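Residue numbers count from 1 along this sequence. Owing to the predicted nature of the structure, the values given are computational and were not obtained by experimental measurement. Counting starts at 1 for both ligands and their atoms, following the listed order.
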Amino acid sequence: MALNANEIRLVIHLEGGLVQAVYSNSSAPVWVAIQDFDIEGADGDEIATLDDGTEFVGHIEATLHNDSHVADVFAAFDEEYPVIDKQQENYVARDGQFCPNCGGNNIQANVGIEADGLSAWGRVGCSDCESTWMDQYRLVGFDNLEATPLNAISSVAEIFAHELS
Ligand SMILES: [Zn+2]
């Protein structure tokens, strides 16, 4: 398995076939829906129904963020574990508002952002120690679309009919 520090690994803790907890190595909010099609003996109010009528029992769990527990369990399977860079994690947790070199918050981000597909970079400098670095961004969506009316696109047949008339 290739190591990727961004990948999210989960540990699902079962006891007697019941999910007790889901642990994650990510601080991102992850919600897990548990779906068990073995509904024998389940109370009516525990049963959920899909649009197509399929019944199941289950519930929704939020994952518990616990790096070391997830690392321990994956290690028990001899899985290598991507090292989470604490400095990077802190930088993101604090919205990139400090210098990764001297820790100062006297930083200037350039407005210009270079983008390439899903990724973008913006240069940042520290006024205290004069270090520079690139903030990394990832495309997550768009906002504030100011849409213009779309002209109906004429079919080729319509254009010909128009030219002949
Ligand atoms: Zn600095």
Calculate, to the nearest 0.5 Å, the distance between atoms CG and CG belonging to Asp128 and Asn106 respectively.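 Result: 4.5 Å between the selected atoms.
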Spacing of CD1 belonging to Ile107 relative to CG belonging to Asp135, to within rounding of 0.5 Å: 7.0 Å
Name the orientation class of the two ring planes belonging to Tyr23 and His13 (parallel below 30°, tilted from 30 to 60°, perpendicular beyond 60°).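 Judged by the thresholds at 30° and 60°, the geometry between Tyr23 and His13 is parallel.
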Return all protein N, O or S atoms below 2.8 Å from the Zn ion (ligand 1), chain by chain in residue order. Cys99 SG, Cys102 SG, Cys126 SG, Cys129 SG
Tell me the closest heavy-atom pair linking Val19 and Glu61, and the distance in Å.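 Between these two residues, the closest heavy atoms are O-OE2, 3.9 Å.
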If you take all heavy atoms of Phe74 and Leu10, which pair is closest and at what distance? CE1-O, 3.7 Å
Report yes or no: do Gln108 and Ser127 form a side-chain donor-acceptor pair below 3.5 Å?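 The answer is yes; a qualifying pair exists.
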